Amino acid sequence: MSEPEKIVLADGEQLAAAAAARLITVLVDAQAARGHAHAVLTGGSNGGALLKAVAASPARDAVDWARVDLWWGDERFLPAGDPERNETQAREYLLDALPLEPGRVHVMAPSDGEFGDDVDAAAAAYAAELAGFGSAVPAFDVLMLGVGPDGHVASLFPGHPGYAVTEGTAIAVRESPKPPPVRISLTLGAIGAARQVWLLAGGAGKADAVAGALGDQDLPAGAVRGTERTLWLLDEAAASKL
Ligand SMILES: O=C1O[C@H](COP(=O)(O)O)[C@@H](O)[C@H](O)[C@H]1O
């Protein structure tokens with residue numbers, strides 16, 4: 001388990017650009033070392049900006065995208081194509097422009113998919129898909145997490161039952177404090193299997209959560225660790241209360 005490190009960029013634009021460059025490098029390095037790469041995407045404002053920055057980067061062609069497995073840290077349990085789904089946003093911002101192997105894009109099921117509105121079945125199916133690549137989950141090369149203003153990561157919210165789950169890898173989340181109320185999330189245990197965990201936080205609205213998580217508050221953002229690296233990528237506004 002790794003101790004948190006911090007990198008502070010000037011603003012949100014630099015944060016997205018720096019994270020994008022870092023992501024491309026990690027994927028290239030993983031493919032050189034192991035032949036393929038596993039990356040876990042995040043939704044939210046900073047995760048979206050990162051994907052747009054990858055899309056704009058000429059260096060993105062250094063990655064063999066057909067040999068990248070993409071996963072999600074969480075998903076809003078909504079119909080396919082809903083603009084609030086993290087998948088929909090990721091496809092629009094980046095994935096539709098990449099020569100990905102469709103079978104390696106591991107989406108969490110929508111609420112009108114094969115499991116209908118049974119979010120428990122959809123979460124169980126994601127856990128089974130993850131288990132097909134390792135003992136319980138793949139050793140993700142990099143797992144990115146946005147940080148909510150309340151210190152949540154993925155769909156693990158402070159004081160909410162999902163945050164206390166100690167077994168399993170993908171869970172159904174109900175009555176989420178942030179809409180929509182029904183979601184699917186990786187657990188802390190699944191997140192902790194990643195080689196590198198990156199927490200992305202930009203803007204003054206994240207400053208309290210960043211200070212709390214890196215201080216002594218019991219927040220999901222402060223509880224996650226990568227096996228090799230735990231990296232906070234911040235802008236000056238988000239780091240202003242450290
Ligand atoms: O709902 C979610 O929120 C978090 C953080 O989003 P942000 O807009 O405050 O940056 C995000 O990481 C998560 O994937 C998403 O489902």
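Numbering of ligands and ligand atoms starts at 1, following listing order. Model, not experiment: these values are computed from the prediction.
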Same apolar cluster: Val142 and Val28, side chain cutoff 4.5 Å: yes

Side-chain donor-acceptor contact under 3.5 Å, [X] with [Y]:
X: Ser176; Y: Arg183; value: yes
X: Thr169; Y: Thr187; value: no
X: Ser155; Y: Asp74; value: yes

Do me a favour and list the nearest non-hydrogen protein atom to [atom] with residue, atom name and distance?
atom: atom 14 (O) of ligand 1; answer: Asp74 OD1, 2.6 Å
atom: atom 15 (C) of ligand 1; answer: Arg76 NH2, 3.3 Å
atom: atom 12 (O) of ligand 1; answer: Thr42 OG1, 3.1 Å
atom: atom 8 (O) of ligand 1; answer: Ser45 N, 2.9 Å
atom: atom 3 (O) of ligand 1; answer: Lys178 NZ, 2.8 Å
atom: atom 9 (O) of ligand 1; answer: Lys206 NZ, 3.1 Å

Between [Y] and [X], is there a salt bridge with N-O shorter than 4.0 Å?
X: Arg195; Y: Asp29; answer: no
X: Lys241; Y: Asp208; answer: yes
X: Asp150; Y: Lys178; answer: no

Answer side chain, backbone, both or neither: which part of Val153 comes under 4.0 Å from ligand 1, heavy atoms only. neither

Below 4.0 Å, non-hydrogen atoms only: which portion of His152 touches ligand 1? Side chain, backbone, both or neither. side chain

Contact between Arg183 and ligand 1, counting heavy atoms under 4.0 Å?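 True for this residue.
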
Sequence neighbours excluded, which residues qualify as side-chain hydrogen bond (donor to acceptor under 3.5 Å, both in side chains) partners of His106?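 By the side-chain hydrogen bond (donor to acceptor under 3.5 Å, both in side chains) rule, His106 matches Asp69, Glu129.
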
Could you list which atoms of ligand 1 come closer than 4.0 Å to a heavy atom of Gly146? 12 (O)

Is Gly43 close to ligand 1, meaning an N/O of one under 3.5 Å from an N/O of the other?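 Yes, there is a polar N/O contact under 3.5 Å.
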
